[in-house]
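Down below is the structure, laid out as structure tokens.
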Amino acid sequence: MVTLTNKLAKHPLSKYIQLLLFGEALLPDNPENVLEVVGILKSYGVVLDAYSKNLIYIAENQFLVFFPFFKYFNGEITLNKLLHHWWHDRINFEYAEYCMKAMVWHGGGGLDEYLDSAEFEERAKVVIDAKFKNNPLMMGVNQLFPNFLTEQLRVSCYYTGLGQFWRVMADMFLSLSDLYDQGKIKSIPQVVDHIKGELVANANKPITYVVKLRDKVYEIIPESVGLTFLADTAIPYVEAVFFRGTPFHGTVSYNAQAYQIPADQARFQYGALYADPLPIGGAGIPPTLLMQDMRHFLPEYLHEIYRRSPRGEDDLRVQICMSFQKSMFCVTTATILGLMPHPLDSQNPDEQNANQVYLGKWMDRLQNSRLLNVNE
């Protein structure tokens, strides 16, 4: 125990291990941080609400459609909406798909395991046969390439999985803003407690996927599979989007001989907790789409702070990204504390030791993150 304590004391982020052991957050508690975090999560909640609805709509209504020209319209296709879409006066749903594809690529969790199971293969075959029973061309393609349509259905499962995950997160962030407006949220620890409480409350919320074809319902992910919000969507999302992510075009070389991208996906550090905010706004930087979306829904009290900054609104997206990273470290704190192996106030030496080992592993992964930057 003494040896472990000494080792952790020498850790570059030992300060944050101690803070977490006392139940505190990775972000300092001050009024400006509270305002920034709550304000940006209010905007993020509005955007996630739209992302969630669209992802679920695509999964339920555009599955196995190979040219879904109107997938971002949620079934409401009008000339006015089409003109706004072409003028790019709309929500950037492409960012939602970017996050979904990151989850597909990195995998992990029960959803990933289920999609490789024999049960899913059988259910997929039934849906594919029903969808294309009167389409000899597609049935022929399916015989030539038996995994093609099944893989498309796997992607649809991730559409709905991420959509259901973001449904919970959107409600969580919007309720946080309401509590702040009512004067019930006044500190960063209260922000973290709210997020942690909602994560725990929804931990066992089932993740299911049902589609309808010609008035017949098909269960692709039945509740009996046992997929749940926290273990099978939240944790894989944190891994894929917060930590690993994907390298942004223009910031690193994709040339294999340059060795700028790790060969091992597990070593990727391109997620939201690591990304430099300064390239936001540049070509090939997917979070630019999210920051552009959030700028439309900023609470006035937060927008006013950005206007008073040295550059005013000239670097608004970068400022939004910096606030967003602060908020994501609060979400990460809630995740870390919510997954602690033992209670923080445990007096059992073995349990205390396990908690310290657990936090040490988290800090190992956060060494190259923006943690120190958001604490400046």
Side-chain angles (χ1 to χ4, degrees), residues 50-79 81-82 85-86 90-167 206-227 232-233 236 240 246 286:
Y51 286 174
S52 170
K53 290 175 181 175
N54 185 247
L55 288 173
I56 293 173
Y57 167 77
I58 292 173
E60 294 180 352
N61 298 278
Q62 302 287 306
F63 68 99
L64 297 178
V65 175
F66 304 109
F67 302 102
F69 297 111
F70 301 106
K71 64 181 178 180
Y72 296 146
F73 286 67
N74 291 350
E76 302 170 8
I77 305 170
T78 64
L79 177 61
K81 200 169 184 180
L82 188 62
H85 184 89
W86 284 339
R90 62 181 177 88
I91 295 288
N92 292 292
F93 294 113
E94 293 90 340
Y95 181 76
E97 290 187 300
Y98 161 77
C99 292
M100 179 274 296
K101 290 172 183 176
M103 290 184 70
V104 171
W105 197 56
H106 288 294
L111 177 57
D112 187 44
E113 293 177 9
Y114 170 68
L115 296 180
D116 287 330
S117 69
E119 180 180 353
F120 172 75
E121 294 272 356
E122 292 172 6
R123 292 180 178 277
K125 184 180 185 305
V126 172
V127 173
I128 290 168
D129 289 344
K131 176 82 172 178
F132 298 110
K133 67 179 182 179
N134 297 321
N135 190 329
L137 175 62
M138 287 310 305
M139 293 307 291
V141 169
N142 191 44
Q143 288 182 343
L144 286 171
F145 308 99
N147 291 323
F148 174 65
L149 295 177
T150 304
E151 188 64 21
Q152 298 302 311
L153 210 52
R154 286 192 179 98
V155 174
S156 293
C157 290
Y158 270 97
Y159 269 101
T160 191
L162 179 56
Q164 292 175 62
F165 165 70
W166 270 343
R167 176 71 270 147
I207 300 297
T208 61
Y209 182 25
V210 175
V211 298
K212 192 175 183 180
L213 283 170
R214 303 180 188 91
D215 297 324
K216 186 174 180 180
V217 172
Y218 297 86
E219 290 186 315
I220 300 176
I221 306 178
E223 190 171 342
S224 60
V225 173
L227 299 185
D232 303 310
T233 58
T246 57

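The residues of the chain are indexed from 1 along the displayed sequence.
Residue Lys71 qualifies as enclosed at atom NZ: its count of foreign heavy atoms under 6.0 Å is above 12. Shown here is Phe145, whose CZ atom has no more than 12 heavy atoms of other residues, nucleotides or ligands within 6.0 Å. Within 6.0 Å of atom CD in Glu223, 12 or fewer heavy atoms from other residues, nucleotides or ligands are found, so the atom counts as exposed in its surroundings.
Annotation: the span from Met100 atom CE to Tyr95 atom OH amounts to 13.0 Å, rounded to 0.5 Å. Expressed to the nearest 0.5 Å, how far CD1 of Ile207 lies from CG of Asp232 amounts to 7.5 Å. Distance CG/Asn74 to NZ/Lys53: 8.5 Å, rounded to 0.5 Å. Rounding to the nearest 0.5 angstrom, the gap separating the CD atom in Gln164 from the OG1 atom in Thr208 is 5.0 Å. The structure places CG of Leu213 at 4.0 Å from CZ of Phe63, a figure rounded to the nearest 0.5 Å. Here the straight-line distance linking atom OH of Tyr72 with atom CZ of Phe93 works out to 9.0 Å at 0.5 Å rounding.
In terms of heavy-atom proximity, Pro236 sits nearest to Gly107 at CB-O, 4.2 Å. For the pair Leu115 and Cys157, the tightest heavy-atom approach, listed with the atom from each and the gap, is CD2-SG, 3.7 Å. Closest non-hydrogen pair, Thr233 versus Gly161, comes out as CG2-O, 3.7 Å. Shown here for Ser156 and Ala59, the closest heavy-atom pair between the two residues is O-CB, 3.6 Å. Closest non-hydrogen pair, Met138 versus Leu149, comes out as CE-CD2, 3.9 Å. The heavy-atom pair separating Ala130 from Arg214 by the smallest distance is O-NH1, 2.5 Å.
Checking side-chain atoms of Asn135 against main-chain N and O of Leu137 turns up a donor-acceptor pair under 3.5 Å. A distance-only check finds no donor-acceptor pair linking the side chain of Arg123 to the backbone of Ile221 [under 3.5 Å]. A donor-acceptor pair is defined here as one N or O able to donate and one able to accept, closer than 3.5 Å; such a pair exists between the side chain of Asn61 and the backbone of Tyr57. Side-chain atoms of Lys81 come within 3.5 Å of backbone atoms of Phe73 as a donor-acceptor pair (strictly under, hydrogens ignored).
Between Glu151 and Arg154, at least one side-chain N (NZ, or NE/NH1/NH2) sits under 4.0 Å from a carboxylate O, which counts as a salt bridge.
The side chain to side chain donor-acceptor pair (under 3.5 Å) search around Tyr158 returns none, not counting sequence neighbours. With sequence neighbours left out, Phe120 forms a ring pair (Phe, Tyr, Trp, His ring centres under 6.0 Å) with Tyr114. Qualifying side chain to side chain donor-acceptor pair (under 3.5 Å) partners for Tyr159, counting only residues two or more places apart in sequence or in other chains: Glu97.
Classified by interplanar angle (parallel below 30°, tilted 30° to 60°, perpendicular above 60°), the ring pair Phe132/Phe66 is parallel.
Put simply, the side chain of Trp166 reaches to within 4.5 Å of the side chain of Cys99, judged on heavy atoms. Looking at Ile77 and Leu82, their side chains never come closer than 4.5 Å, going by heavy atoms from C-beta outward. Using a 4.5 Å heavy-atom threshold, the side chains of Thr246 and Tyr98 count as touching.
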Notebook entry, point to check: Going through the checks in order, is the side chain to side chain contact (heavy atoms under 4.5 Å, CB included) test met by Thr150 and Lys125?
Noted result: CA-CA 7 Å; Thr150 304; Lys125 184 180 185 305; over 6 Å; no
